[in-house]
Every structure is written in C-alpha cells, then in structure tokens.
Amino acid sequence: MIRRLFAGNPPSPPDPTLWAGVRRRARWIGALDDARDARLQALAARFLRDKAITPVGGLELDDAARMTLAAVCCLPLLEFGEQGLRGWSQLIVYPDAFRVNRSHVDAAGVLHEWEDELIGEAWDSGPLILSWADVQADLDEPDAGFCVAVHEMAHKLDALDGALDGTPPLPRPWQREWARDFQAAFDGFVAQVDRGRRTAIDAYAAEAPEEFFAVCSEYHFSDPATLRRAMPRVADHLARLYGKPPLA
C-alpha cells in the first residue's frame, strides 16, 4: 500500500446527492465498499478543488459531470493517494475525439508531420485531456475493457518518477519485481502481436511499455478477469497498486 495522509486542510466533502448520482452512473464506483468509497470521495473533492476542469469545443459540463470526471480520474489513486495528483493542474475535456499535430525527424534528418485523432492524452507536466463522449461510452459499458480516464491517469502516475517507462514510483524492492514481471509480460505480448496472433488484451498495449501499463490498468478496472487469465503476475501487481478491482 502506498496511500499517504492528506497534507494541509482537506476540502469539503462532495455533495451527497451528486455523489449518489456518481455511484449510480459509474459501476466501478458504485461497487466500492464504504471505506474505499470514503477515500475516493476525499480524493475527488481534492481534485475538484485543485484542478481546473476546462471544457472546450462548445462543451458544457454541469456539477454532476464534473464530479463524475473527478471520481473516475481518482479511481487509480485509491491506494496510491493524493501524491498521484502532483505535477499538473488542468483537465481539458473535448466533446469527442480530438486531433493533434505530430512531427518527427528520422535518422536521416527527414521531418515527418502527421495528424492523430485521440480520445485522451496526458502530458508529463501539462494537462490531462479527455474526450467526454468516450468517458461516457466507458461508463455505459464498464466491463468492456476500456476506461480512457484510467488510461491517462496511469500515464500521470508513470511520469511521477521523471520517466515515462511503464513503472510508477514504488518502493525499491517492489520496483525491481514490477520491472521484471512487466518486462517479461510485455515482451511476450509484443511477440504475440508481431506474429499476428489474436490477443486477449487490446493490441495497442504492444506500442510501448508505458502503453502496456496504461492499457492493463484499464483492464484492471473494466475487465479484471480477462487480465488475470492473460497475465496473472501483472494482475497481481496492479491489484497491489490500485487495490482489489471493484468489479471482480
């Protein structure tokens, strides 16, 4: 367990009516026991106090939507604690998938430019960005293996130690075990994808170690049985990091 006590004065707890609505809308949250629900309420209240939630593209978010976003973003912090919110200050929310311009200079010095369509993005020390339509879709199918908010928050946790490499900051002995087991699982998964084999976990996880961690984090919350069958050691580490999957 990595959870730490809140520093400074805690924010006011969420409005009970709004929180009841969050529990009805998000099965991952409605399934929490009383102790974990209380921890999540405290984390969500801190998120709402400390983070600017900025809708763009004509999107409007009422108090219920903002509470839902805060709660789902804080799910991965139930055991890790408020330290998982360090280093950034803004959640930007698009109505739907959004486009970003990319560029890369290859080994020959040639500049390549293209446009990506994304449903979420997390910058190292910059904002977290989500598509509201995709957050809603994840809530509509909570056991489908997807949760974009958890995916991007996993990247935020990963970046806390200064390296986006698929390993969040952990006590040293656990970090060694994590690195060994995740690397072995990632290598085996990439080999399956490269051979064109069908995989139980979304093939996007083969893109890089940090994406492997983020995708597996989604499955921990939204399809833990599939994750455990496919990668039991990874599932064990994530259960230690995030706590028992709410829908297990």
Side-chain angles (χ1 to χ4, degrees), residues 18-41 43-44 47 64-65 67-80 84 91 93 96-97 118-120 122 128 130-158 166 168 182 185-186 189 192-193 197-207 210-248:
L18 288 177
W19 192 256
V22 170
R23 287 181 61 86
R24 288 191 299 270
R25 181 70 180 100
R27 276 183 53 201
W28 310 306
I29 296 167
L32 295 175
D33 60 34
D34 289 346
R36 298 182 81 196
D37 179 77
R39 291 211 300 271
L40 186 62
Q41 287 193 53
L43 285 161
F47 188 104
M67 184 70 74
T68 299
L69 284 163
V72 176
C73 285
C74 288
L75 264 178
L77 308 182
L78 275 169
E79 301 301 326
F80 197 93
L91 168 61
V93 189
D96 212 322
L118 304 176
I119 63 171
L128 187 148
L130 296 174
S131 155
W132 179 235
D134 287 276
V135 170
Q136 297 278 66
D138 293 340
L139 294 174
D140 289 340
E141 295 187 83
D143 54 0
F146 302 103
C147 183
V148 63
V150 164
H151 184 110
E152 302 307 333
M153 283 298 296
H155 285 321
K156 286 294 189 184
L157 287 177
D158 190 356
F182 266 74
F186 176 69
F189 186 78
Q192 291 182 60
V193 172
R197 293 186 177 178
R198 184 177 179 181
T199 57
I201 302 299
D202 189 341
Y204 183 66
E207 289 290 311
E210 61 269 24
E211 298 300 345
F212 183 76
F213 167 46
V215 169
C216 289
S217 295
E218 295 185 72
Y219 278 84
H220 171 83
F221 287 98
S222 59
D223 191 359
T226 293
L227 178 65
R228 180 155 294 282
R229 285 193 300 268
M231 303 172 188
R233 289 189 177 180
V234 168
D236 285 342
H237 282 293
L238 293 182
R240 186 176 174 187
L241 178 67
Y242 296 134
K244 179 184 176 182
L247 300 185

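Remember, it's a predicted structure, so these values are computed and weren't measured experimentally.
Taking both residues in full, the closest heavy atoms of Val72 and Leu139 are given as CG2-CD2, 4.2 Å, listed atom of the first, atom of the second, then distance. The shortest heavy-atom contact between Ala205 and Phe186 is O-CE1, 3.5 Å. Counting all heavy atoms, side chain and backbone alike, Leu238 lies closest to Ser217 at CD1-N, 3.9 Å. Of all non-hydrogen atoms in Leu40 and Ala71, the two that sit nearest each other are CD1-O, 3.6 Å. Between Trp19 and Gln41, the shortest heavy-atom distance links the atoms CE2-CG, 3.2 Å. Smallest separation of non-hydrogen atoms from Ile119 and Val148: O-CG2, 3.6 Å.
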For the pair Leu77 and Phe47, evaluate side-chain contact (heavy atoms from CB on, under 4.5 Å) and give the outcome as yes or no after the intermediate values.
-> CA-CA 11 Å; Leu77 308 182; Phe47 188 104; over 6 Å; no
From CA spacing to verdict: side-chain contact (heavy atoms from CB on, under 4.5 Å), Val234, Phe189 = CA-CA 12 Å; Val234 168; Phe189 186 78; over 6 Å; no
Would His155 and Leu128 satisfy side-chain contact (heavy atoms from CB on, under 4.5 Å), going step by step from the backbone distance to the final call?
-> CA-CA 9 Å; His155 285 321; Leu128 187 148; over 6 Å; no
What's the verdict on side-chain contact (heavy atoms from CB on, under 4.5 Å) for Glu218 and Tyr204, showing C-alpha distance, side-chain angles and the deciding distance?
-> CA-CA 12 Å; Glu218 295 185 72; Tyr204 183 66; over 6 Å; no
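A salt bridge links Glu79 to Arg39: one of the charged nitrogens lies within less than 4.0 Å of a carboxylate oxygen. With respect to the salt-bridge test (charged N to carboxylate O, under 4.0 angstrom), the residues Arg25 and Asp140 qualify.
Residues Phe80 and Met153 form no side-chain contact, since every pair of their non-hydrogen atoms from C-beta on lies 4.5 Å or further apart. Between Trp28 and Val150 the shortest side-chain heavy-atom distance does not fall below 4.5 Å. Looking at Glu141 and Phe146, their side chains never come closer than 4.5 Å, going by heavy atoms from C-beta outward. Looking at heavy atoms from C-beta onward, Leu247 lies out of side-chain contact with Ser222 at the 4.5 angstrom threshold.
Leu157 CG to Glu210 CD: the interatomic distance, rounded to the nearest 0.5 Å, is 14.0 Å. Atom CG in Leu75 sits 5.0 Å away from atom CZ in Phe221 (nearest 0.5 Å). Atom CG in Asp134 sits 12.0 Å away from atom NE2 in His151 (nearest 0.5 Å). Note: Cys73 SG to Lys156 NZ = 10.5 Å, rounded to the nearest 0.5 Å. With rounding to the nearest 0.5 angstrom, the CG atom of Asp143 is 11.5 Å from the CG atom of Asp138. In this structure, the separation between CG on Asp202 and OH on Tyr219 is 5.0 Å, given to the nearest 0.5 Å.
Panel note: side chain Glu152, backbone Ala122; a donor-acceptor pair is recorded below 3.5 Å. Looking only at distances, no side-chain donor or acceptor of Arg23 sits under 3.5 Å from a matching main-chain atom of Asp37. For the pair Asp223 (side chain) and Ala144 (backbone), a donor-acceptor distance under 3.5 Å is absent.
Around the CZ atom of Arg36, the shell of radius 6.0 Å holds more than 12 heavy atoms that belong to other residues, nucleotides or ligands.
Taking the six-membered ring for Trp and thresholds of 30 and 60 degrees, His220 and Tyr242 have ring planes inclined between 30 and 60 degrees apart.
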